[in-house]
Every structure is written in structure tokens, then in C-alpha cells.
Visitor: 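Sharing a structure below in C-alpha cells format, with a few things to ask.
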Amino acid sequence: MTIPTKYQPKKVEKKWYKYWMDKGYFHAEVDKKRKPFTIVIPPPNITGSLHMGHALNNTLQDILVRYKRMKGYNACWIPGTDHAGIATQNVVEKELLKEGKSRFDLGRERFVKKVWEWKEKYGNRIIEQLKRLGCSCDWERLRFTLDRGCSEAVTETFVRLYKEGLIYRDEYIINWCPRCQTALSDIEVEHKEEKGYLYYIKYPFKDSPKSKVQSPKLKVKTDYRSLITDHRLPDYITVATTRPETMLGDTAVAINPRDKRFKRLIGQILILPVMNREIPLIADDYVDPEFGTGAVKITPAHDPNDFEIGRKHKLPEVRVIDTSGRMTKAAGKYQGLDRYECRKRLLEDLEKKGYLEKKEDYSVPVGRCYRCSTPIEPLISLQWFLKVRDLAKPAIEVVKRGRIRYIPKRWEKIYLDWMEGLKDWCLSRQIWWGHRLPVYYCKKSKVQSPKSKVKECPPIVARKKPKKCPKCGNRNLVQDPDVLDTWFSSALWPFSTLGWPKKTKDLEYFYPTSLLITGHEIIHLWVARMIKMGLRLMGDIPFSEVYIHGIVRDKKGKKMSKSLGNVIDPLDIIAEYGTDALRFTLASSCAQGQDLQLFDEKFTSSRNFANKIWNASRFVLMNLTGFPPITDHRSPITDLTLADRWILSRYNRTVKEVTDSIENYRISEAAQSLYQFIWHEFCDWYLEMIKPRLYQQEEAIELSSNRAIKTGKLANRQTGKPANLSSKEVVQYVMWHVLEGILRLLHPFMPFVTEEIWQALKRHTQMTADINADDRRLESIMISSWPEVDKKRIDTKVEKEMALVIEVTTSIRNIRSEIGIAPQKKIEAFLKIRKKDQLKTLEKNATYIRDLARVSRIKMGPGVAKPVPSASAVIGEIEVWIPLKGLIDLNKERKRIMRQTSRIEEELKRAREKLKSTEFLSKAPERIIAKEKEKEKELKERSEKLKKNLKSLQPPVQDPEDPSGSEGQKHRR
RNA sequence: GGGCGGUUAGUUCAGAGGGAGAACGCCUCCCUUACAAGGAGGAGGUCGCAGGUUCAAGUCCUGCACCGCCCA
């Protein structure tokens, strides 16, 4: 056999991916006879390169899709990419900058063309990377959020929602990124607390006797408490602010109406320092009396909260900062300065003139652009908005009523809380890359100067550019220059990808989709909006389950990011460890909904696992020579040995566990069950136990009283007659059967290595599994069926018997190892067994113990006498003795036993105390008490037996800690 | 400020009322004819702290501390 001893991922991954593609396994067509299982991919940005977050997200999707496909569903995973408006525009702008150009140098049309060129060149990089990850997406359905179909969907949606009165245009305060030069929605702003200052600034009262606007001589402090009793007008009021430069646009100072200190001052006029403008002192519930001095400055044009208060109190809106973050004419002498430079100068001026009372260290909330991290500036601007209230209502209902289920459930609350308090969604973006608004203006109206209050023709919202203005007949119409928020097209993704707004068969069959898998960071940006839009436009939920996975972190628990330099590139991992190792690591690390930490050792471990499967399979393949083809693997096999029945029982239990875990989205548990079963049961025990049967033929098999094993019977379903199989053939059958099943269970997690082996196995055995020989499903493990549990094979009694064999074997190995008996040396073992059933089990399976514990001869029975001296172990009522004569250092054995005894004594003490408690005896359930008594009895016996054994090891040890105790410290070999 | 999650072996994590688990790492021995990316054995834990409920608490309740995230 020429199979290499190490699994080499590079040699197989490309081959099988191509095979799957060529065969068209990923593609799904409408097929009303089968149930669909549909997933839409969270479309990665075209600017993106596969990072661990993508790898996790897509591995999970692929596991589910492959699983469902094997389960017989018509599985359809719709892939695609996102045009990522601002992000992509920024990338291309940066490219241009290298040539010293800006997008304005090119002009809109040429710039957009350039972005498309960039997209053609680099936009599919991430798609290729997903293929390397093994994703079984239906690539024939690859979509792009800015392709023709999506554009059509976007236009249709905009027009429809406008006509329904949900989309409107208004002047409102929005988040503006001075770098990207565009408006942003509220959730595109990232808020962080940053180190800064809280400035206390004095605003003089106009009518205060001491207040002279020109040169105020203000008292250093005002005791506001005295204001309650003192009826004179104070000189000034102090306001606290983190952004002093905005004071230039202040149009009021506000206090809380219930604040006794200031109550009588309401309505007084203040003089805005430096600007010398008169502003009123107003009262509003919004003001928090605890913040700062209890009096806050109101800048309606540059703060969202102040904006609301301003509108409520009909305050003027003075815009002092422009769209590039510079001060406007309204800022007086500061005009033209950058907002931060202005802050500096203004503070100097305030200080000089005595207006600055103090500054305190303060943790300032700063909103930054989620694309370029520039501090955003709230500005009043004419934008398009979507009323979300009405859309949110049904979207809340479907989650509350359980039609859409979040996994884990706690995300439901977060979703609901957020949906309850929604502000309207600012849709328009002042960039060039994206879906142009389907809005046209009659040229007479002034798009550029929104201030104009002249009665103009209303904007025209239409699917196609109209020939003339329906109001005045003017033929000179221009389209709105703005584009829509990227997330607008993403919100339509589950149905735009299926052909909406056309009524397609795909839509009818695949919608609603089955499941959405994504990270929690886009619940608001994306998930919520898909639900709203799906309900509104399709009249149905877009998916019934949302699985939210965790975030990938590094070893220290930090989020992976380029700036921290702690990223692990999935492509590097694939290159070094193989795709399957990467996938298995991600799958087994992602405890449901929890964040996961990754580091090299985890990948090593998964790679080793792949290698383990590889080598176990090599072993099976090498030992299948002469194996007759099996026509039906469900044929009842009789006369199996304990090991056979045990592994079949464990295998079927594993099938059940893995299936249940996946069904409940407990992917890591499924992965761990497989790891445990394959490595520590199938490889460590079963394959080791069957070696003699495979290697040495019948004569070496000394399974007394089990004649049938020598001629196991396999019934042939076709003939109905039992086939006469040798013991070797039975083993071959069982190991083949279990391995083949394991591969199928493992396939969704490790698609490549399982396919490689499965194909080899198929060639070698002409296996037919539970599939007919002419069945197409035999072509590839990918389209084979998911293993089913054979309940009859699950046998608790067998598992118990095997556990006993394992325990005895382990106890002998333990003795050997701890007292240092050379591995090559064969020893004798004496087992005193009183229970008949245990004796029977061990007698029948003595050969396993002999082989696995390297024992030459085992003597067992109720009357077996202890050889003296001997090392010992106690397993329940069974005593194990290994004669030590001439073998070893007795002191080692004494210490070993003492260590064990003390551990048992400890447990025994606890059990006894529990059983002494009358309350425990009267209140605990029977079952528990019985169990506790059983435990006590067993521990007591074990302890006594061990003590007796210790005694027989004469002479007693003086100091257990002294290794140089008595005879023969050195026994080597 | 409000909310959510976390705190269990050296590390990463399972465990959701009745005898503290896994993987990796570590230590000892072994190149035994599938695999040294391996095998056998072993050491290692007052389950964040303080109260409470209970016969019984990693597990339920309350409070606190620290770490992380989200929202304002």
C-alpha cells in the first residue's frame, strides 16, 4: 500500500473541490418533491479579505448546509458580495490618492467606472477564499448587492415605500463624517469614551447689575444653593460642556424645570460670551440636574439632543460648523478654522476674558465613523429618511410570537429592546458608489441649496426617469446625486437574491429561507432590517431561525484587528495545517453563542486529529484485503464479539449525539463527540483490540466458549441466507462499517479528508453502504446520506461489560507503568472475582486484557489466592494482583497503594458524613440514599483490600516520603 | 448611567441541584508491524468573593469585585 503516513491536505483539497464543482453538487434547483433548506450568506464586502470571523461564519454555514444536504434536503446556499458603499469608495479613493488625484478630478462617471474596474479585479478575491474554505455555496447563484437584479429590487422598494408614505425627505440633524463627506445612519457611528475635559463656562445675565457685556467683571464663584433664597439676579450662570466650540452656535441655555435652584431664573436673557448674542434661559425635562452645574448650553445645529429641544422650543438653528468640519461665517472671527483649532483658540479667548471657570478631566463620549474612524459631526442637513416605527411593529411581533427564533435566546431581548426605541433611518449618502436614489428634481427647484423656501415642484420618485415634470411639464429633470445606504440593499438580500420583485419560482420555493447565521455586531444593521423589509415587501419572515455566533479573539481575549497586529490569517492556517484542521478548530471552539479564542495549539490539535483519522483509515484499508463486498450494511450480523458489539453501540450513540447536537446548533458539542469517539474509542480501543483477529487468523483467537465467533454469520438480504463469514471477516465488516459511518458524520466538519478516504474506501471495498450500487449518491460522500441511528445496536449492558474489561486492562497498565515494569516484559496477572457475571465477562475477554496489558497469563476466579509479594489494584469487588517476586522495588508499590488509599479514604469520609446526617436520610430521595450507601460500601471494601495488600508488602515503610527506603531501589529491567 | 456575557486544572473551555470533566500543555516510560502529527501511565482544581435557599450548591437567589461587549 502506498498511502503516505501523513495526511497531506494540499494534495487533496483542490482535487475534491473541483470534483464537487464539476459534478454540480452545490447547485440546487426548484424541486417540489423535496424540502428546501435555504441559507443566504451574509455577503462579505468586496473590499474584504477572508479573516477569522468570515472563516467561522462560513464554516458554520457550510456545516449546516452539508449536513442538511446529506439529510436529504434540497440544500441551497446562496452566495454573494456586498458593494459596501463607503468602504469601497474609500479604498478606490486611496488608490487614486497614490496618483495624487481625488475622485473630483475624475468626476462622478469616470470614478464610478473606476470602482467597477476595481471590483472586477479584486472584488472576487473573497469568493475564491471561500472556495478554499470548502464552502458548498451554489455558485451559479452568485449575486452582488449592486448587480442589476438587486438594483431593480432597491428601486422598487424605494418607490413603493415612498408611495406608501414611509420614505420622506426632511431637514434633520444627522451624523456627518467630515472625511467621507457623507451622512451616516445612527448605527454607523461607533461611540467610545475618550479622555477629554469638561469645561465650565460662565454665561452672564443681561440684566444683572454687574453684567457689562463689553468687559464683564464676574465673581469667581456663584453659590447656586443661595439662589433659592437670594432673590437678586446673579451675575452669571455656569454651563458645562465637552465641546466648547459648539457654543458659538448656542441659542439657549436650559435647566430642568424642577430644579429649585434655577426655577425663578427661567425666561431671563443671557449674553453668549465672545459672540455677544442674547439667548434665553429655558426649562426642559431633558436636562439632567446632576450633570455639570445643572445648566446646559443648547446648540440645536450640532447636537442631536439639543436639536430636539430646539425644535420643541422653536429655537433658531445656528450652524457654525460646515461639512468639512470647519467653522462657518456664523462663527464670527473663528470662521475658516478647523473645529479643533477653533476649540483651542476659543478656550484661550474665554480664559483671557474670565469666562472659563474651570476644566475637569472627563471621559468624553465621541462618535466616530465606522468606516474611517473620523469623529462625526452632527449637522442639520436635507436627507431622505425611512419611517421605521410602522415597519418595526410586525418585526417585533414575529420574534415575540416565536416565528423567528434567535439562538441563543438572549439576543431576542437585545433585538426587541432596540426595536422598541427606533429613530428614523437616514437613507441617503453623499457618495458616488452605490444605488442612486430613484428621485428626480425639476431643474427649477434648487437641489443644491436646500434652504430655499421658494415653492418648487416636489421631487419625483419613479422607477424610471420621467420625460417631464408632472407638475409643470418642464423637461429639464435631474436625478438626485445621492446614493442609498449600503444596508438598504442588504436588507432585501433574502428575496432580491431569489428574483424579487419578479414573482419567480425560486422565490416561491426557497423563500422564506431556513436559517441565518451571523455575528451579533450586525443584528441591528442587517438582521433587523431584513426582517422589517421581508415582512413589508414579501409579507413573510425572511428566515425562521437566526443563529448568532461569537466573535473570534486572540489568546489574550482581545478582538482580532489589524491595528493590534494580533490577527491570525485563515489562509495561513489553511496553508500550514489544512482547511479541515481550520474548520474543525473553529467548529469545536465555538461553544454556542460564546466568543472563541484561537491560537496555534488548537490548530495543531485539529491537524493531528485529521492525521489520526487518516492513519486509522490506512489501517482499515490495509486490513480489508480479501474483504467481500457487502450488499447491505443493515443486514443483521450475528455472533459479534463484545468488542464488536461495544463499538457498534458506541457508534450508534455517537450518531445520535452528533445529530442531536447539530439539530440544536450545538456545533462544538458535535465536533467534540466525534473527536472523543473516533480517537479514544474507535482508535484507542477498538482498533487495538481487533489486531490479533486481523493479523493472526483464527487459531490465535482464544475466546473460549465462543465458538460462533470463528464463523460469524452475516445474513444476506438478497438470498435471505446467512453468509458464512470468518471471524476476520466479521471484524472487517464492523471496522469498515464504523469507519464509513464516522466519515459521513465528520464530513460536514472536515469535507476534504473525509472525501479522500471515503473514495479510497469505496474503491477498495466496492461498498454500497445503505445506498444501492447504481445510486448516484455513491459518487461522493458529499451527496451520500447522513447516518441513521440503529437503536437496536445501542446496548448499555455491552457498554458496561466493556467498561469492566477496559478498567481491568487500565489497572494493570497502571501498575506496570507506576512501578516501572519494562514495557516489553510480559507479566502474570491474578484476578479474584466473586461475581459470576463479571467472571464470565472477563473470562470471555481475557485475550483482550492479555494483548493490551502485555500479560502472558491470567488466572481468574473466586478462589484465586494472592501471590506474595504482589502489586495490587481494586476495581469494585474485583482484586487485581501482579506478582512482584524478583521484579521490582516493593517500596514503589507501597507508596502507590498508600496514595490510592488516602484518596479513597477522603471520599469515604465524605460519604460517611453524609450518611450520618438524619436530615439527609429523611429528606433525600431513596434513589440518592441507596446510591450513597452503595458508594460507601464499595469505598470501604476497596480501602480495606488496599490496606490488606499493603500489609502483605513486608516490611512496612517508615517514611513514605523517603525514596531511599528499603530494598532494591534500582530494579531496571 | 442602563443592559448583556464571562470568572471551573498551567491555557482554552464543557458542565445548569445529588460522586469535579475534556482538549491542549506539563512530567515519566516507550520508535510495539495505522499513526512519534503516535502509544501507555501520571501529576494538577477551597469551581472569582461574601451571604442566602436546600438534606444536598460550579449548578438556584441576593450583593460585591474584576474582565469583555452592547446601548445611552
Side-chain angles (χ1 to χ4, degrees), chain A residues 1 3-7 186-187 190-191 193 288 290-291 304-305 365 408 410-411 413-414 417-418 421 520-521 523-524 550-551 553 555-559 577 581 585 588-623 666 668-669 671-673 675-676 679-680 683-684 687-688 691 694-695 809-824 851-854 896 899 907-908 910-911 914-915 917-925 927-929 931-932 934-936 938-939:
Chain A
M1 199 128 308
I3 310 168
T5 59
K6 287 188 170 103
Y7 170 57
D186 290 341
I187 40 181
E190 287 176 350
H191 296 273
E193 304 249 309
D288 173 12
E290 303 295 319
F291 176 80
N305 293 314
R410 68 187 144 92
W411 295 109
K413 193 179 174 310
I414 288 164
D417 285 353
W418 185 74
H520 63 76
E521 66 275 12
I523 290 178
H524 303 329
I551 290 176
R553 297 174 182 285
K555 195 166 188 173
K556 289 174 195 150
K558 289 258 194 288
K559 202 169 162 174
Y577 302 97
T585 301
S588 55
S589 305
C590 69
Q592 198 186 65
Q594 298 293 24
D595 291 350
L596 54 150
Q597 292 181 230
L598 292 180
F599 36 92
D600 276 358
E601 293 90 323
K602 284 195 177 180
F603 300 115
T604 314
S605 150
S606 297
R607 180 207 50 189
N608 294 354
F609 181 50
N611 198 48
K612 187 73 181 177
I613 299 154
W614 179 257
N615 277 296
S617 305
R618 273 179 65 221
F619 174 80
V620 171
L621 282 168
M622 285 193 247
N623 287 289
R666 308 187 78 97
S668 61
E669 287 174 27
Q672 282 157 20
S673 294
Y675 186 100
Q676 177 66 28
W679 199 311
H680 297 303
C683 293
D684 284 354
L687 293 187
E688 292 304 322
K691 276 178 182 173
L694 288 169
Y695 291 159
T809 307
T810 307
S811 72
I812 298 172
R813 283 171 169 178
N814 177 333
I815 291 171
R816 293 188 65 118
S817 172
E818 292 225 333
I819 61 184
I821 299 171
Q824 307 83 0
D851 289 333
L852 298 176
R854 297 204 130 251
R896 202 182 67 90
R899 204 166 56 228
E907 274 186 70
L908 184 59
R910 248 186 297 178
K914 220 169 186 180
L915 285 166
S917 155
T918 50
E919 275 186 305
F920 173 73
L921 293 172
S922 62
K923 287 185 181 166
R927 189 173 57 85
I928 300 298
I929 298 172
K931 213 171 151 190
E932 202 64 29
E934 180 62 32
K935 182 177 144 193
E936 192 225 6
E938 196 195 305
L939 288 170

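Residue numbers begin at 1 in each chain, while the letters A, B, ... track the order of the sequences.
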Visitor: Using a cut-off of less than 4.0 Å, is there contact between a side-chain N or O of A:R813 and OP1 or OP2 of B:G41?
Guide: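 Result: yes.
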
Visitor: For A:N814 and B:G42, is the shortest distance between a side-chain N/O and OP1 or OP2 below 4.0 Å?
Guide: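 Yes, A:N814 has a side-chain N/O under 4.0 Å of OP1/OP2 on B:G42.
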
Visitor: Within the structure shown, what part of the strands sits under 4.0 Å from A:L939 by heavy-atom distance: base, sugar-phosphate, or nothing?
Guide: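 A:L939: base contact, heavy atoms under 4.0 Å.
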
Visitor: Does A:W679 place a side-chain N or O at less than 4.0 Å from the phosphate oxygens OP1/OP2 of B:A37?
Guide: no

Visitor: Do NZ/NE/NH1/NH2 and the carboxylate oxygens of A:R899 and A:E818 come within less than 4.0 Å?
Guide: yes

Visitor: Below 4.5 Å, heavy atoms only, C-beta onward: do A:I523 and A:W418 meet side chain to side chain?
Guide: no

Visitor: Just how far, in rounded Å, is P of B:U33 from CZ of A:R618?
Guide: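 It is 12 Å, rounded to the nearest whole Å.
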
Visitor: Within the pair A:N615 and B:A37, is there a side-chain N or O less than 4.0 Å away from OP1 or OP2?
Guide: no

Visitor: What closest approach, in Å, do A:S589 and A:L596 show between heavy atoms, and which atom pair accounts for it?
Guide: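 Minimum heavy-atom contact is O-CB, 3.6 Å.
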
Visitor: Is the phosphate of B:G15 approached by A:R666 (side-chain N or O, under 4.0 Å from OP1 or OP2)?
Guide: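 For B:G15, OP1/OP2 do have a side-chain N/O of A:R666 under 4.0 Å.
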
Visitor: Would you indicate what A:T918 reaches in the nucleic acid, counting non-hydrogen atoms under 4.0 angstrom: base, sugar-phosphate, or nothing?
Guide: nothing

Visitor: Spell out yes or no: do the side chain of A:K691 and the base of B:A34 have one donor N/O and one acceptor N/O closer than 3.5 Å?
Guide: yes

Visitor: At under 4.0 Å between heavy atoms, what does A:R410 touch on the DNA or RNA strands: base, sugar-phosphate, or nothing?
Guide: sugar-phosphate

Visitor: Is the shortest side-chain N/O distance from A:K602 to OP1 or OP2 of B:U11 below 4.0 Å?
Guide: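 For A:K602, the contact criterion (side-chain N or O under 4.0 Å from OP1 or OP2 of B:U11) is not met.
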
Visitor: Indicate whether OP1 or OP2 belonging to B:C13 is found under 4.0 Å from a side-chain N or O atom of A:Y675.
Guide: no

Visitor: Does OP1 or OP2 of B:C70 have a side-chain N or O of A:H191 closer than 4.0 Å?
Guide: no

Visitor: For the pair A:K935 and A:E932, find out whether any cationic side-chain nitrogen is under 4.0 Å from an anionic carboxylate oxygen.
Guide: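 Yes, this pair counts.
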
Visitor: Need one value for A:E688: base, sugar-phosphate or nothing, where a base atom within 4.0 Å counts as base even if backbone is also close, heavy atoms only.
Guide: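 Since a base atom lies under 4.0 Å of A:E688, the category is base.
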
Visitor: Under 4.0 Å, counting only non-hydrogen atoms across every strand here, what does A:D417 touch: a base, just sugar-phosphate, or nothing?
Guide: nothing

Visitor: For B:G17, does the O4'-C1'-N9-C4 or O4'-C1'-N1-C2 angle fall within 90° of 0, making it syn, or is it anti?
Guide: anti

Visitor: Write down the atom of A:G550, the atom of A:D595, and the distance for their closest heavy-atom approach.
Guide: CA-OD1, 3.4 Å

Visitor: Quick one: label A:Q672 by what it contacts on the DNA or RNA (base, sugar-phosphate, nothing), any heavy atom closer than 4.0 Å.
Guide: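 No contact.
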
Visitor: If you look at every strand shown and take non-hydrogen atoms under 4.0 Å, does A:P925 touch a base, only sugar-phosphate, or nothing?
Guide: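 Touches a base.
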
Visitor: Could you run through RNA chain B and flag its stems, i.e. three or more consecutive Watson-Crick or G-U pairs with both distances under 3.5 Å?
Guide: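 Correct response: B:1-7 with B:65-71, B:10-13 with B:21-24, B:26-30 with B:38-42, B:48-52 with B:60-64.
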
Visitor: Would you indicate what A:R910 reaches in the nucleic acid, counting non-hydrogen atoms under 4.0 angstrom: base, sugar-phosphate, or nothing?
Guide: sugar-phosphate

Visitor: Say you pick atom P in B:G48 and the same atom in B:G39; how far apart are they, in whole Å?
Guide: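 So the two P atoms sit 33 Å from each other.
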
Visitor: Once you round it to whole Å, what is the distance between P of B:G5 and CD1 of A:I414?
Guide: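 Atom CD1 in A:I414 sits about 8 Å away from atom P in B:G5.
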
